[in-house]
Structures are given as structure tokens and as C-alpha cells.
Amino acid sequence: CFFEIRQAMPRDAIVCLDAGTICMQATDQIRHFMAPGFIAPLDMGLVGAGYAFGLGAKAGAPDRPVVSMSGDGGFGMTLIEMSTAVQNGLNTVAIVFDNGCWGAEKAYQRDFYNGRFIGSDIQSPAYDKVAELCGAKGYAVSEPGELSDALSDALKQDAPAVIQAKVDPNAMVSFRKDSFKHRSSQ
């Protein structure tokens, strides 16, 4: 999915990331050409902040394209801010990577707790439809090749947009294997 995002991302875009595994993967995959061009919590664990970062970036740089990226869980924490975006003309594009789980937590449970999953699966609403109910543009993508087209179209809109992108729930990565090192020896 990151290849498709790179294809459609303008060089002057500001990219805002949420916390979580897919956003940490995006840190290494998405290019940034103009400063400021990258806003992220990195390892601070600010789940849900990515979309808000994007709205702030757009308010501060209204002439630049702004794309935020969140997992479905993190985006759900601040989805009400879609109404803030619409009301204030903060025409950002939010890409929501929907894997139906808290990816970082599920990866840790898989890798360090023998697949004993507790509270890691979630069922998010159709964020593209929620966006439309708020007055934003909504896109739903699930097949290779669709994300690039949706992002290109969303960036042309004179409205905030949300792209809900279904991603493989098994493509989870444990980034902090050292965090549970004491457990793996038991």
C-alpha cells in the first residue's frame, strides 16, 4: 500500500502519522521533500493523534496538501474531529488502514504470549460512510491499485476526505521485541 501512496503523494505534502505498527512501517516507506513535511509521535504511543496532527498541519499550512495515516483503532479515537474538519474547511485526507485489530497489541500477543489474544480484535464502522455523514468525502478501497486512485481523487476535492483501506490483518509487525525479552526466557 505504501508504493501506491508514494505514487499519488504530492512532493509538497505534509504527512501526519498516528502510533501503531502500520504507521511505524510508514515512517520508513513514505518520502518527505519539504519541511515541515513529517509529523509523527514516533515511539511516544499517542494512539489517535495522527488525524488531529493533520488538522493542525492544515490549519498552519492551508495551501499544502496534508495526508494523515492511522489504523482503524486509532482513527476511531478521534473520528468526531471529522466534523471539526468540515466545519473549519480543513481539507485533509485521512487514510485509515483497517485491519480489524489493534495491530501492535495483537502482534505482541502473537509473538510473546503464544497467540493468546485478549481484546485485540475490533470492529470499526465504515469510516468512509461516517465521513460522508459529516459532510466529508468518503472512499473505501480493498484491492491493490485502488488506494493510489482514491488518494489522487481525494487530494483534488474541496473537502476533507477519508479513505478506509482494508489491509491484511496478518501483516502485523512487533517493533519492540526487546520490550518483552524478559518473558521469552521463561
Side-chain angles (χ1 to χ4, degrees), residues 1-10 12-27 29-32 36-42 46-104 122-143 146-167:
C1 66
F2 298 121
F3 174 75
E4 292 185 49
I5 293 169
R6 286 194 307 268
Q7 284 183 307
M9 186 81 70
D12 63 339
I14 299 172
V15 176
C16 301
L17 300 180
D18 206 275
T21 59
I22 195 139
C23 292
M24 287 302 288
Q25 291 170 336
T27 300
Q29 300 287 327
I30 301 300
R31 297 182 190 118
H32 318 284
F38 177 70
I39 302 170
L42 297 176
L46 301 171
V47 178
Y51 188 59
F53 289 165
L55 299 183
K58 190 64 172 181
D63 296 329
R64 289 183 60 192
V66 175
V67 177
S68 66
M69 298 179 206
S70 304
D72 49 333
F75 188 76
M77 291 182 161
T78 55
L79 73 94
I80 193 60
E81 297 304 335
M82 280 190 275
S83 61
T84 301
V86 170
Q87 183 177 356
N88 293 287
L90 299 171
N91 299 337
T92 66
V93 177
I95 301 173
V96 180
F97 299 106
D98 182 355
N99 62 0
C101 66
W102 294 102
I122 58 174
Q123 186 174 8
S124 299
Y127 290 127
D128 59 307
K129 301 298 183 201
V130 175
E132 291 171 357
L133 289 170
C134 291
K137 301 292 183 185
Y139 301 82
V141 300
S142 59
E143 299 296 326
E146 294 177 339
L147 182 54
S148 181
D149 292 340
L151 180 55
S152 292
D153 190 67
L155 287 164
K156 295 175 191 170
Q157 300 301 316
D158 188 26
V162 174
I163 302 169
Q164 186 159 355
K166 291 286 186 183
V167 295

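Positions are given from 1 along the sequence.
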Modelled atom types, side-chain donor and acceptor of Tyr139 and Asp153, under 3.5 Å: yes
Rounded distance [0.5 Å steps], CZ in Phe53 versus CZ in Phe38: 10.0 Å
Step-by-step side chain to side chain contact (heavy atoms under 4.5 Å, CB included) determination, Val15 to Met9: CA-CA 9 Å; Val15 176; Met9 186 81 70; 3.8 Å; yes
Over all atoms of both residues, closest heavy-atom pair of Ala8 and Ser148: CB-O, 3.6 Å
Distance, nearest 0.5 Å, that separates CG of Asp98 from CD of Gln123: 10.0 Å
Side chains of Asp72 and Asn99 in contact at under 4.5 Å (non-hydrogen atoms): yes
Residue pair Lys137, Val162: steps toward the side chain to side chain contact (heavy atoms under 4.5 Å, CB included) verdict: CA-CA 6 Å; Lys137 301 292 183 185; Val162 174; over 6 Å; no
Nearest-0.5 Å distance, CD1 of residue Ile14 to NZ of residue Lys58: 8.0 Å
Shortest non-hydrogen contact from Asp158 toward Asn91: OD1-ND2, 3.2 Å
Working for side chain to side chain contact (heavy atoms under 4.5 Å, CB included), residues Leu151 and Ile163: CA-CA 7 Å; Leu151 180 55; Ile163 302 169; 4.1 Å; yes
Atom pair CD/CD of Glu146 and Glu4 - distance to nearest 0.5 Å: 8.5 Å
NZ/NE/NH1/NH2 to OD/OE distance under 4.0 Å, Arg64 and Asp12: no
Leu79 vs Tyr127 side-chain heavy atoms within contact, under 4.5 Å: yes
For Gly50 against Ser68, the heavy-atom pair lying closest together: O-CB, 3.5 Å
side-chain contact (heavy atoms from CB on, under 4.5 Å), paired with Thr92, selected from Leu55, Val67, Leu155: Leu55
Side chains of Glu81 and Thr84, donor plus acceptor under 3.5 Å: yes
For the student: nearest non-hydrogen atoms of Asp128 and Ala140, plus distance: OD2-CB, 3.5 Å
Residues, nucleotides or ligands: over 12 heavy atoms within 6.0 Å of Gln157 CD: yes
Rounded distance (nearest 0.5 Å) linking atom CZ of Phe97 with atom NZ of Lys166: 14.0 Å
Contact summary for Val66 and Gly54, nearest pair of heavy atoms: CG1-O, 3.5 Å
Residue pair Val47 / Trp102: nearest heavy atoms and the distance that separates them: CG1-CZ3, 3.9 Å
Gap separating the CG atom of Leu147 from the OG atom of Ser142, nearest 0.5 angstrom: 11.0 Å
Over 12 non-hydrogen atoms of neighbours within 6.0 angstrom of CD1 in Ile80: no
Within-4.5 Å side-chain heavy-atom neighbours: Asp18 and Met69: no
